[in-house]
Amino acid sequence: MIPGLKNHVEAAVKDACRRLWDVEPPRLVLETPPKVELGDLALPIAFELAKVLRRPPRKIAEELAPALELPSIVARRSVEGGGYVNLFLDRPKALAAMLVAAPEAAKASGKVIVEHTNINPNKAAHIGHLRNAVLGDVLVHLFRRLGKHVEVQNYLDDTGVQVADVVVGLEHADELAEPTRAEELASEIREVLGAFPDDAPGTEPRRLGDLTWDLYALVTRSYAADPSLEERRKATLHAIEGAALGHELSGEARATAALASRLAEAVVRCHLKTMERIGVSYDLLPRESDILGRRFWQKAFDLLKAAGATQLETEGKNAGCWVMKLEGAKEFEGMEDADKVLVRSNGTVTYTGKDVAYQLWKLGDLGIDFEYEKAPYVNPFGEAEFIASDGTSPLYRTRHDAEGADPSARGRFGGGDSVINVIDVRQSYPQKVVKEAVRRAGFPEGADRSVHFAYEMVALTPASAELLGVTLSDEDRGRAYVEMSGRKGLGVKADDLVERLVEKAIEQILDRQPGERPDLSRAEAIAIGALRVYMTRYSRNKVIAFDFDEALAFEGDTGPYLQYAAVRTANIFRKLEEKGLPGLLDAEEAASVGALDAAHLDDGLWDVVRTCGRTQETFEKAAETFEVSLLVRHALAVGAAFHHLYHTHPILQAENDESRRARRAALQLVARTLEDVLGVLGVPIPERM
RNA sequence: GCGCCCGUAGCUCAGCCCGGAUAGAGCGUUAGACUCCGGAUCUAAAGGUCCCGCGUUCGAAUCGCGGCGGGCGCACCA
């Protein structure tokens, strides 16, 4: 709340404990009392001391409180409840200090790599991907706010089975379960791909996502109906991988690989568009094809072999595979079969194997690097279509060869001092395997620098699923939620949700300002605010059972509620100036707030100030625990305190200048705090609502 | 079977890390809000065996153990 105050209090408690009882106090916890009337800081230290001193906590608190030697910013102290020592700040001085204090810029300490989004480039993004991207993006903002250097990566599995499956659908539509439908989809997709990247103006970027979404589901159904079709998948995958590895290929295989590459590249643009719309951006797109082409796995494999971390199985069910034995590690205890295959018996590398190589590269421990080029997406003016997360630099992607690469980008990416992988909790097991492999490859401290940011999935309420036209079994209908499945085509598409949010925002605006022309950018801002808050308000280990009504809510604990609060603060300052009254406080006037009569800062007004005072610690705690929902909670607390104040403490009608100054100061703090926290959450603040 | 997560108001969730103040919000329901800075707001009411049991403790939603119910993992898929 006040810089350095915590240290002062800590020292004072330590000193008093030694003087009074000759004891070392246990760890000091500082709490915030549940109500303003109870003060600004609460010390539950007497409860701890009670155990050592064997006396009632209340008595200890009564002795301790007067003995504390505190800085003058603490106006008074009291003993509350069963033994809390509560501190009350000198309100005018504290408010002045908060207003004047420069935002705390932490010292940068190395590079943090945050990897998120990672959507298979074979179909439209769904709301589960949205949770991933928003959580990742908020983490990025949060670390930057705390002064860290952050690099954002969005990994593209452009050579995986999912891409292969859609390519099978494109090349063998006539063999699918519904050949007519399949041919229709395939020809439409080919048409879109044919126009890519210079498609006609007005082309809906999401059309490709929708079409591939349907084709992918159809291919999956077809495999189930006719398992022999999986031969097609195998051949397709073989062609894609062969091309990435630079093998000699038949003309047919070359065409298949080229189609896959074009498909992935075009679908990635759909994803980038969607994410750009909700304010999510990246610095680098690493591609699996480049991991293959660059022989990252060979290098990682050598490291693993040299460290004795992998061995060739000669018998048993894994005969012919290179495996990593996991039974010794405590995290894998009790597993029936604790061996992880890294290289299949046919010589190909598993996803986990490639992931190990990639992770080593991210940590700077692999010893080799990619080449880089600007991402090839350009708008009709020939400008870069997507910009990096700093808002100005171009977006880059990896390359496996030097031809056409940007030599100035060499060595710019990767090599993180810590690496955070934002991946849902269902992937905890493979993530643990990767981490263990890094450790065994000879980089135990690299493993320690690897963090799996795990969060729970987004599922559908049975009602939402049925709204999407899915017929559910009675069993499913009775469940709390049903899992989404890209394979089955069961899920809410990200773009559809965004569209509905925008439509609803337009409706709401027109309700409020009838006759005015709908302002699309305002509606977009509100839609994004609603979406981002919805995706971040739940604890990360909570399954979100997606419900349209909840996602589309604009009242209560929502983004628009927060935006409205911020807009209101701006409105008040504007109104003040219209009336010729002083608005924003300059540095000099802010400092003068310290000399105001404390009576101008009553409990109602102080409540909001006290809440704003917890912003920095909230950022720190959120970063430490990776719990970004804390930021939403905090913003809502500030918003609620302010909205309440709005009705009880009018500023235009303040009795006198002094009272108005106190209120303006509090309002300014609120405005700044909301801007700060909403900025980290990526919730835009519109000019008007 | 083993591992992880969840169980708090009709619904959706905070609080649990670090035991302590009357268990808090939002939605929904009901009743209200000034010729006044925009009602996407605010005020208030009703609504709770904090899944169950045992234990630790002066004190348990919070810690430990044992259950119950639900979910997710445990591939030569990703």
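In terms of polar N and O atoms assigned as donor or acceptor, the side chain of A:Lys51 never comes within less than 3.5 Å of the base of B:U57 in a complementary pairing. In terms of polar N and O atoms assigned as donor or acceptor, the side chain of A:Asn86 comes within less than 3.5 Å of the base of B:A21 in a complementary pairing. Between the side chain of A:Lys575 and the base of B:C36, no donor-acceptor pair under 3.5 Å is found. For B:C4, the base has no donor-acceptor partner in the side chain of A:Ser428 [N/O atoms by modelled type, under 3.5 angstrom].
Rounded to whole Å, the separation between the P atoms of B:G71 and B:U8 comes to 15 Å. Here, B:A14 and B:G55 have their P atoms 31 Å apart, quoted to the whole Å. Separating the P atom of B:U29 from that of B:C74 is a span of 43 Å, rounded to the nearest Å.
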Derivation and outcome, salt bridge (charged side-chain N to carboxylate O under 4.0 Å, His left out), residues A:Glu503 and A:Arg500 = CA-CA 5 Å; A:Glu503 277 167 29; A:Arg500 288 182 64 160; over 6 Å; no
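In this structure, of B:C42, B:A40, B:G73, it is B:C42 that holds the atom nearest to the side chain of A:His643. Taking only side-chain atoms of A:Lys542, from C-beta outward, the nucleotide of B:C72, B:G26, B:C13 with the closest atom is B:C13. Nearest to the side chain of A:Arg568, among B:A21, B:U41, B:U22, sits B:U41.
The side chain of A:Tyr561 contributes an N or O atom lying less than 4.0 Å from OP1 or OP2 of B:C42. Contact annotation: A:Arg479 side-chain N/O to B:G71 OP1/OP2 distance is under 4.0 Å. Taking side-chain N and O atoms only, A:Asn541 has a distance below 4.0 Å to OP1 or OP2 of B:C6. Side-chain N/O atoms of A:Tyr564 include one lying less than 4.0 angstrom from OP1 or OP2 on B:A40. Phosphate contact (OP1/OP2 of B:A14, side-chain N/O of A:Ser539, threshold under 4.0 Å): present. Distances shown here put a side-chain N or O of A:Asn318 below 4.0 Å from the OP1 or OP2 atom of B:C76.
Expressed to the nearest 0.5 Å, how far NZ of A:Lys59 lies from CG of A:Leu49 amounts to 16.0 Å.
For the residue pair A:Ala551 and A:Leu501, the shortest heavy atom distance occurs at O-CD2, 3.6 Å.
With a cut-off of 3.5 Å on both pairing distances, the Watson-Crick or G-U wobble partner of B:A44 is B:U30.
An aromatic stacking contact links A:Tyr84 with the base of B:A21, defined here by ring centres under 5.5 Å apart and ring planes under 30° from parallel.
When heavy atoms are screened at a 4.0 angstrom cut-off, A:Asn120 is found touching the sugar-phosphate backbone but no base atom.
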